[in-house]
Amino acid sequence: MFARIRIVGVLLVLILLCCDRQASWANDDNPLRVGFGKRDITPQAPTPMWGYGARHALLSQGTLTPLYAKAIVVQSEEGKVAMVGLDIGRGPTRQMMEKIRAEILEKAGIENVLISGSHSHHGPVIELIDREGFGKGTYDDAVAYAEKLPDLIIEAILEADKTAQPATIGVGTRELTLNRNRHTKRNPKARDPLLSVVRFDDAQSGKPLAVLVNFAAHPVMTKGEVLKFSADYPGFMQDKVEAEMETNCVFIQGAAGDLSPNPTDDFREPKLFGEELARNVIEVAGEIESKPLKRNTIVGRVDQFRFKSRIDFSDPLVLVGYSAAFFPELIVNFIEEAKEGHQAELNTVLLGRQIALVGGSGEFFCNHAVRLRERSYVDHTLFFGYCNGHNLYFPTIEAVSEGGYGADAAVSPVEIGAGERMMNRALINIYEMAGRMNAQAK
């Protein structure tokens, strides 16, 4: 009889321990875990620079400010997500994403990843590959850099996953006048004024573990003729936030396809502009009340699209024209991917049914993000541009009707309405993952 009592007692202890473990994820003291990782991704050899066609294949001549990959990994009992900001012009190539996804899933069980380029026009070209005519033999240093970049991003993500600790989360927003529409002549001009700040805090001490900043404006404040690597204004913003808040700061570019910085005479240089943005970030971050998620869930979906092209890339004259505007090796890599249509990627992640993260693989015009946010009906919706790839511009339908740079087929070869289709899909994903729409209602 006493033996049976002991067995029952052991079973009760095991049950209680199991319940405690489950509760450790669900109670207010430990709702989720958050970690941060960082790697320097500045090229160490001269490479072609990304962003301005007029440079063609001119090689870099040093560094103004270092370039980084910064990762935040959020873990819950039901999923993980990695959010990565890169101080370069675009998200990783399709081949890079395949490698990154496979390794972080195998080594850390991370199912969801959003990797966004800040869109700095003073970063390196990353598209050149180890193939004759596509980079090999002419730009071997750039090819070597492109092969190393995914490993550095993976290292940053795995470091963030390994260092994750109990955390709380809070989001704050503020409307700013620091960007302007550079495309339309129609009034009122479309604009996304919203600065979103996500603060992740140590669940025990309340000190910030990391701050994520989401804002939309082209990082083009460094002069184009300067052939040196620079993170432009987002780099200076992150530096100031990190110094004053004694934490880690990650910048994620928004839907900046038609938005440029809107400086005043007081902050026309990239450092001053970045520090003005940082001042707002610090103020917003200080007003945030960080809390556990209401539901301890992280769910995500990846949608792949293949859009028709408005440009006939099989026409030899098209290759000649684009090659003259940029340089041949870059263009053949682009056409190789685009010759059977433009394969775009959409990522939708929902944190606790409260915070939606939507990433699109290109330069989305701002109204895509504004309209998605208006329709999503969650507490906060953040749009990540230049995310997990790059398909040039995604103008709105009305922007295409107006024409101009960013809306014309030459730099926006995806079929008209492609951006709207992707945002509608994101909206459906959010509703379904939030339990507001049955999957059969598609």
Side-chain angles (χ1 to χ4, degrees), residues 36-52 55-72 82-93 95-97 99-100 115-130 135 138-160 210 213 218-243 248-253 269-271 273-275 278 327 329-330 386-388 390:
F36 174 82
K38 173 181 174 179
R39 288 294 182 276
D40 190 323
I41 58 170
T42 314
Q44 299 304 302
T47 64
M49 298 184 70
W50 199 95
Y52 293 116
R55 290 188 186 126
H56 302 292
L58 289 174
L59 301 182
S60 59
Q61 298 175 0
T63 301
L64 288 177
T65 63
L67 312 179
Y68 291 104
K70 296 181 179 180
I72 296 172
M83 297 168 282
V84 185
L86 306 177
D87 291 328
I88 61 175
R90 51 160 292 171
T93 66
Q95 291 73 24
M96 291 177 184
M97 286 303 306
K99 178 177 182 178
I100 293 167
I115 308 174
S116 287
S118 70
H119 201 51
S120 170
H121 282 41
H122 280 75
V125 165
I126 68 169
E127 291 91 340
L128 305 182
I129 61 174
D130 189 20
T138 307
Y139 304 105
D140 289 333
D141 287 332
V143 171
Y145 174 80
E147 291 180 342
K148 184 180 180 181
L149 180 60
D151 294 326
L152 295 173
I153 296 171
I154 291 166
E155 288 175 14
I157 294 172
L158 295 180
E159 178 186 352
V213 178
H218 262 63
V220 290
M221 301 191 75
T222 306
K223 294 180 180 179
E225 59 267 25
V226 176
L227 299 178
K228 294 184 178 183
F229 295 121
S230 172
D232 205 85
Y233 79 80
F236 293 111
M237 180 277 294
Q238 293 171 85
D239 288 346
K240 186 174 179 65
V241 171
E242 290 176 345
N248 306 294
C249 183
V250 178
F251 176 76
I252 302 290
Q253 184 63 260
E269 298 298 320
K271 184 175 188 295
F273 185 88
E275 291 181 348
F327 64 96
E329 289 80 1
L330 177 63
Y386 314 90
C387 182
N388 294 0
H390 191 63

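Atom OG1 of Thr47 sits about 11.0 Å away from atom CD1 of Ile126, to the nearest 0.5 Å. A distance of 11.0 Å separates CE of Met96 from CD1 of Ile154, quoted to the nearest 0.5 Å. With rounding to the nearest 0.5 angstrom, the CE atom of Met237 is 5.5 Å from the CZ atom of Phe251. Summarising the geometry, atom NZ belonging to Lys38 is positioned 12.5 Å from atom CD1 belonging to Ile72; distances are rounded to the nearest 0.5 Å.
Minimum interatomic distance between Asp40 and Tyr68 (heavy atoms only, all atoms of both residues): CA-CD2, 3.7 Å. The two residues Pro48 and Leu128 come nearest to each other via the heavy atoms CG-CD1, 4.4 Å. Nearest heavy-atom pair across Gly135 and Glu329 is N-CG, 3.9 Å.
Every pair passing salt bridge (charged side-chain N to carboxylate O under 4.0 Å, His left out) that includes a residue from residues 116-127 is listed here, sequence neighbours excluded: Arg90-Glu127. Among residue pairs with one or both ends in residues 225-237, none qualify as salt bridge (charged side-chain N to carboxylate O under 4.0 Å, His left out); sequence neighbours excluded. Within the structure, side-chain hydrogen bond (donor to acceptor under 3.5 Å, both in side chains) contacts touching residues 141-152 (residues at least two apart or in different chains) are Lys99-Asp151.
Take Phe236 and apply the side-chain contact (heavy atoms from CB on, under 4.5 Å) test, not counting sequence neighbours, and it matches Thr65, Pro270, Lys271. Every residue was checked against the salt bridge (Lys or Arg N to Asp or Glu O under 4.0 Å) condition with Glu269, not counting sequence neighbours, and none meets it. Every residue was checked against the salt bridge (Lys or Arg N to Asp or Glu O under 4.0 Å) condition with Arg55, not counting sequence neighbours, and none meets it. By the side-chain contact (heavy atoms from CB on, under 4.5 Å) test, Ala71 is found to be paired with Val84, Ala156, Ile157, Ala160, residues two or more places apart in sequence or in another chain being considered. Gln95 is linked by a side-chain contact (heavy atoms from CB on, under 4.5 Å) to Thr93, Glu337, counting only residues two or more places apart in sequence or in another chain. Residues satisfying the salt bridge (Lys or Arg N to Asp or Glu O under 4.0 Å) criterion with Lys240, sequence neighbours excluded, are Glu244. Every ring-ring contact (aromatic ring centres under 6.0 Å, His included) that Tyr139 has, sequence neighbours left out, goes to Phe327. When the side-chain contact (heavy atoms from CB on, under 4.5 Å) test is applied to Leu67, the partners found at least two apart in sequence or on another chain are Ile41, Thr42, Pro43, Asp87, Ile88, Pro124, Phe229, Ala231. Listed by chain and residue number, nothing satisfies the ring-ring contact (aromatic ring centres under 6.0 Å, His included) test with His122 (two or more places apart in sequence, or in another chain).
Salt-bridge formation is detected for the pair Glu242/Lys70: a Lys NZ or Arg NE/NH1/NH2 atom is positioned less than 4.0 Å from an Asp or Glu carboxylate oxygen.
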Audit row: Leu86, Ser116, side-chain contact (heavy atoms from CB on, under 4.5 Å) steps and yes/no: CA-CA 6 Å; Leu86 306 177; Ser116 287; over 6 Å; no
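Side chain of Ser60 to backbone of Met49: no donor-acceptor contact under 3.5 angstrom is found. Side chain of Glu159 to main chain of Glu155: no donor-acceptor pair is present (N/O by atom type, distance under 3.5 Å, no hydrogens or angles). At least one donor-acceptor pair under 3.5 Å links the side chain of Ser120 to the backbone N or O of Ser230. Although no hydrogens or angles enter the test, the distance criterion places a donor-acceptor pair under 3.5 Å between the side chain of Gln253 and the main chain of Ser118.
Inter-residue side-chain proximity for Leu227 and Leu59 is flagged as unmet; no heavy-atom pair is nearer than 4.5 Å. Between Ile100 and Ile115 the shortest side-chain heavy-atom distance falls below 4.5 Å.
Note on ring orientation: taking the six-membered ring where Trp is involved, the planes of His119 and Tyr386 are parallel (angle under 30°, cut-offs 30° and 60°).
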